[in-house]
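To start, the structure under review is shown below, and the notes come after it.
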2 protein chains.
Amino acid sequence: MLKKERHAFIIKQINLHNKVLSADLATALNVSEDTIRRDLMELDDSRQIVKVHGGALSKSFHYPFQHTDIYAVDAKKAIARKAIGLIKSGMMVLTGGGTTVLEMMQALPQNLAVTVFTISPLVALQLADHPLVTVILIGGEFSKDSQVCVGSQVVNYLHEIKFDICFLGTNGISIADGVTDSDLNIVHLKKAMINASNRLVIMCISEKLNSVQRMNVCPLAKVDYLITDLDPDNQVLDDYREKGIQLY
Amino acid sequence: MLKKERHAFIIKQINLHNKVLSADLATALNVSEDTIRRDLMELDDSRQIVKVHGGALSKSFHYPFQHTDIYAVDAKKAIARKAIGLIKSGMMVLTGGGTTVLEMMQALPQNLAVTVFTISPLVALQLADHPLVTVILIGGEFSKDSQVCVGSQVVNYLHEIKFDICFLGTNGISIADGVTDSDLNIVHLKKAMINASNRLVIMCISEKLNSVQRMNVCPLAKVDYLITDLDPDNQVLDDYREKGIQLY
DNA sequence: TATTACTATGCGGTTTTATGCAGGATTCAC
DNA sequence: GTGAATCCTGCATAAAACCGCATAGTAATA
């Protein structure tokens, strides 16, 4: 059998079953696993499949949703870069949804071994191709607006675990009212997430600083770190620094 | 024998078998392999065949594989259309992951008000812009291979609820072995999902019919409906019909 | 017919490719 | 952790491809 034929067969199998195991292919095609491994390598190199330990996965299955445009990407990327510095290997990390968190997870170094709990399916999918991260998706009613899981199920779940650190984006933060949000479900959720974590990181693009939403999430006293796209010494942040919040 | 005759012979062989080996041709035509190689070169240069190491392939063989984004989309769309007919407003629906389910959810009529429980973040996101559907994402460890939530958390959750109908894609179904799959986690999961539902719908593109995977999910007796892209009267399905499975 | 010019073919030697195998390292799953 | 599966690296080998060259065949023409 010619190599190209094997390749065609492999691709067909992957399209059929979304994944293949090297061992299966080796017996099916009656060649050594080394050969299969080399085949998968080549198909991976030519971007036709995604090679993983033990076999390969369909590419189309892996990335069906194209990432839509994100507002203020550069600012969020800057925030993401700083936020990653707070994560150490072995941590139990809790994250909300939001594009800033998404940016952060995309930029997560490949050698970081952490367990990420998240209420956001997008975050889970984003982390799917990270080699060392274990992802636990916290289930519940899926909120169409905010694209995260909400509701009592999530809140109850959060009562049972204690996390090292929690990363949240926010819609409003101000000296007077602390962290605020506009969606009741999200507020419940964030309160539970904050209570479940030893440390709280709020990520906020400078545009949203000092804005107030309808409902209270938590006072500034509970915020351990505030990460913005500004220089941490920027005087806009002076008031927050005085409150004892670590700025990045 | 003239060169032209050889070329004609080679083309004929390739049309017949989709491939030829240089060595075979050399003995069949009683010329040296070098000559054959030169012949194949010329035919390749004139775009009549595709030369590869060891022989040559039909042109159609090489081409179509760049273009497959999602495999067998049309078949899956056909299945999705039929599957939707089984859903009525007010139902509690349980779904697995997989591209067929995804197609189905994409095609879900806007006036259908159902509650969809799913282990697939992709399904949840797909349903996010549906006006009437309530989505419950069942949380757990996120499997990077299969892009769904797996593990004991999910299985436990499924023990507590009874669903009206469960839609599953499958990697293998056959008369002898019933529904089969290749991933242990997925097998556990599917078993729990099947037990949690009053009715089970298996969706399977015809190419996968009568294929067997490593591990058993459930016997055919548990399958209430089998939906394929074939006409339900197709004789390929006769055996399944005799087992008392409803075909669509 | 003989000459010439050109193409096609085969052959020997070399290089490249494909594949399998052994071992040790790595990773995974329980 | 620990054992099993998987992967990587280097190596060996055989098949295939390549290269240059000699020669056989072909065709056109004087």
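Throughout, a chain's letter reflects where its sequence line sits, starting with A, and its residues are numbered from 1. Quick note: numbers below take in every heavy atom, side chains included, and nothing from hydrogens, waters or symmetry partners.
Residue contacts shown for A:L132 are absent, as no nucleic acid heavy atom lies under 4.0 Å away. B:K4 comes within 4.0 angstrom of nothing in the nucleic acid, heavy atoms only.
For the pair B:D74 and B:K77, the salt-bridge criterion is not met [side-chain N within less than 4.0 Å of a carboxylate O]. Comment: A:D164 does not engage A:K88 in a salt bridge, judged by the lack of any side-chain N to carboxylate O separation of less than 4.0 angstrom.
Using a 30° and 60° split on the angle between ring planes, A:Y225 and A:Y248 fall in the tilted class, from 30° to 60°. Between A:F117 and A:F163, the ring-plane angle classifies as perpendicular under the 30° and 60° cut-offs.
B:N185 has its CG atom 12 Å from the C1' atom of C:dC28, to the nearest Å. We find that CZ of B:R37 is positioned 13 Å from P of D:dA15, with the value rounded to whole Å. Per the geometry, CE belonging to B:M41 stands 4 Å off P belonging to D:dC18, to the nearest Å. Rounding to whole angstrom units, CG of residue B:D39 and C1' of C:dT7 are separated by 13 Å.
Between C:dT19 and A:K3, no contact under 4.0 Å exists linking OP1 or OP2 to a side-chain N or O. The side chain of A:T35 contributes no N or O atom lying less than 4.0 Å from OP1 or OP2 of C:dA18.
Judged by distance alone, the side chains of A:T118 and A:T95 do bring a donor and an acceptor atom under 3.5 Å apart.
Comparing C:dG20, C:dG12, C:dA18 by their nearest atom to the side chain of B:D34 picks out C:dG12. Nearest to the side-chain atoms of A:S32 among the listed nucleotides C:dG20, C:dA8, D:dT6 stands C:dG20.
Remark on DNA chain C: of its neighbouring residues B:I36 and A:R6, the 5'-side contact belongs to B:I36, judged by nearest-heavy-atom nucleotide.
Around the CG atom of A:N30, the shell of radius 6.0 Å holds no more than 12 heavy atoms that belong to other residues, nucleotides or ligands.
Rounded to 10°, the helix from C:dT1-D:dA30 to C:dC30-D:dG1 has 40° between the axis fitted to its first five pairs and the one fitted to its last five.
A donor-acceptor contact under 3.5 angstrom links the side-chain atoms of B:R38 to the base of C:dG10.
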